[in-house]
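Heads up, the thing below is written out as structure tokens.
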Amino acid sequence: KATGQETMEEDPRKFDLTPLMAPYLDVHLVFPLLEFLEENTSYEDSSVKKARLELLAPTNMVDYALELMGEENAPPEMMTRRDSVFDQLEALETKALETKAILDDGDKVEALRSEGKLTLAGLAEAHGVSPAMVEDYYDLAKFLYECGDYQVANDMLLRYLELAPFGVERSFEAAWGKFACDVLIKDWEAALTDLNKLRAVIDERTCPPLEQLQQRSWLLHWSLFVFFNHDKGHDGIIDLFLSDKYLQAIQTNCPWLLRYPAAAVVINKRRRSVLKDLVKVVALDERRRQEEPRDPVVKFIDCLYADFDFDAAQSCLAECDAALKADYFLCNCRDAFMNEARTVVFEVYFRIHTNIDIHLLATKLALDDDAQAERWVVDLIRGALLDAKIDSQNNCVVMTTQAPSVYAQVIEKTRDLLVRSKALINNIDLKILASDTRLKQQQQQQQQATNTRGQQAAD
């Protein structure tokens, strides 16, 4: 609920993607988004507080809930719930006490790792820890995560993943939990590593297509925390979001996510080569959703590169500024995006016009005088490598057009051929490896079954 103090153009509800994204995020990952909305938008504090309390209900973060509502206002069942959570925690700590003591001992863990025995079988042999005891250890890690103790849960899940085979369902769940912990403690390097591992596992797992689509949709949403905080995030988001399988997930399940690769391409000058692919996707999405509210960042790309409507693109920038201001992930990129967006508008404008009046340019850019506009144009020509010169006598910019040669066109069209070929070969190799692994497992199972039957017959 908004306060009503702002105009509709500035109303965060118009551009806020939180209600669309929340179903694809873990409950704990939604809390940072709500804190941002409370501090940076016109939502009423009471409505954000209510949303937080509703999200806290299924978790074990009872102290946080009591802090929000005030202990004096807390209902009696909340205090009972708090006592229950502490009792459960104590019971889980007791069950996992022996395993946790061993796995918290760095010397013992390093000794097992150096001997190649940091496995379920090796742990059982060296210290008598059964697989059931390791599962108790996992249950404690998960419970601590639900209590909001992310650092301890992260360390425990890291140990669990070293022990558990990655093909096991619980290890897949633990990998998601480890990824969430990395995000919540803001360890972006580890989060990027976990993101890439999860991506590989999702692609290799044999599960129904609908389930795989859902998992990719979750990964896309979770990845935003990493890509807009990691140093190499703007490259990573373009590579992931515009890859075939994940682009299909966006178009099918979550088209609102197109805002993020679109913004990353505008900000990242080095990756403008993917603009053509992005424009095709954006144009298709815009035609398909004509009657729905259009995302301003996506609309900007469509107006500029598909329709070449410069006035519409220019008018989109005001909405883009409001949208980025109300976006948890893009708010820190707002100035960079606006500067680069204004630049790309005029780069495209320069490329399709032969003469541009400097006074008109100064007016459109809201610059003080023609001299300032002339200096801006000079910097733009140098930065964009445009073939142009300034005609001071006629007070205009004169563009020199030169049609690309056949060779240049061939190079442009085949530029990504090698990269795509390597990606195709890698995907084929991964599928062959996964198929060989499954075949070996089946053969081993058949051999074990044969041996068992032979032993039974001998008995």
Side-chain angles (χ1 to χ4, degrees), residues 1-89 142-154 176-177 179-186 218 221-222 224-226 228-229 254 256-257 259-260 293 295 321-332 334:
K1 184 179 179 182
T3 60
Q5 297 175 351
E6 301 188 2
T7 62
M8 189 59 189
E9 286 75 16
E10 298 170 328
D11 191 339
R13 292 175 299 178
K14 186 175 180 181
F15 306 116
D16 181 23
L17 298 180
T18 306
L20 295 170
M21 298 173 70
Y24 293 89
L25 295 172
D26 183 82
V27 169
H28 296 258
L29 296 179
V30 180
F31 291 129
L33 274 64
L34 293 180
E35 290 174 9
F36 172 81
L37 292 177
E38 189 174 30
E39 295 172 4
N40 296 278
T41 68
S42 61
Y43 283 112
E44 290 181 351
D45 291 346
S46 58
S47 63
V48 178
K49 179 180 176 181
K50 182 181 178 183
R52 279 191 193 175
L53 288 171
E54 289 175 354
L55 284 172
L56 284 168
T59 73
N60 294 321
M61 298 171 69
V62 186
D63 285 340
Y64 184 27
L66 289 171
E67 182 183 335
L68 285 178
M69 65 175 62
E71 289 200 26
E72 65 280 1
N73 301 321
E77 57 267 22
M78 182 66 74
M79 304 305 294
T80 305
R81 172 89 191 281
R82 181 185 184 186
D83 293 338
S84 174
V85 166
F86 278 114
D87 290 342
Q88 291 179 61
L89 178 60
K142 185 178 180 182
F143 194 86
L144 288 170
Y145 173 80
E146 292 296 337
C147 292
D149 196 346
Y150 305 124
Q151 184 63 65
V152 175
N154 183 67
W176 281 102
F179 184 26
C181 288
D182 288 332
V183 169
L184 291 163
I185 63 176
K186 299 183 179 180
W218 291 336
H221 285 81
W222 292 35
L224 293 173
F225 290 93
V226 182
F228 288 103
N229 286 284
C254 38
W256 52 85
L257 288 184
R259 171 188 290 187
Y260 298 101
D295 186 276
D321 189 48
L324 269 60
K325 184 180 179 181
D327 192 299
Y328 172 82
F329 301 104
L330 291 171
C331 60
N332 293 328
R334 177 183 163 202

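Positions are given from 1 along the sequence.
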Taken to the nearest 0.5 Å, the spacing of R334 CZ from L324 CG works out to 8.0 Å
Taken in chain and number order and not counting sequence neighbours, the residues that satisfy side chain to side chain donor-acceptor pair (under 3.5 Å) with N154 are none
In this structure, CG of L55 is separated from OH of Y64 (nearest 0.5 Å) by 10.0 Å
Taken to the nearest 0.5 Å, the spacing of D327 CG from N332 CG works out to 10.5 Å
Inset, instruction - List the steps and the verdict of side-chain contact (heavy atoms from CB on, under 4.5 Å) for L224 and L257. - result: CA-CA 10 Å; L224 293 173; L257 288 184; 3.9 Å; yes
> Is there side-chain contact between L29 and H221, with heavy atoms separated by less than 4.5 Å?
Replying inline: no
Practice problem: Taking the side chain as every heavy atom from C-beta outward, state whether R52 and K49 have any pair of such atoms under 4.5 Å apart. | Solution: no
In this structure, CZ of F225 is separated from CZ of F329 (nearest 0.5 Å) by 4.0 Å
Which of L184, T59, V152 passes side-chain contact (heavy atoms from CB on, under 4.5 Å) with Y145? Answer is L184
ask   = Does F143 reach the side chain of V85, with side-chain heavy atoms less than 4.5 Å apart?
value = yes
CG (N60) and CG (L144) are apart, to the nearest 0.5 Å, by 9.5 Å
Parallel, tilted or perpendicular, as decided by the 30° and 60° cut-offs, for the rings of W222 and F179
tilted
* Please examine the side chains of L56 and F31, heavy atoms only from C-beta on, and report whether any two atoms are closer than 4.5 Å. => yes
- Task: Give the C-alpha distance, both sets of side-chain angles, the deciding distance and a yes or no for side-chain contact (heavy atoms from CB on, under 4.5 Å) between M79 and L66.
- Result: CA-CA 9 Å; M79 304 305 294; L66 289 171; 3.9 Å; yes
When every non-hydrogen atom of A57 is compared with those of R81, the smallest separation belongs to O-NH1, 3.3 Å
Distance col, row D295:CG vs L17:CG, nearest 0.5 angstrom, shows 6.0 Å
Hits for ring-ring contact (aromatic ring centres under 6.0 Å, His included) against F36, two or more places apart or cross-chain, chain-then-number order -> Y328
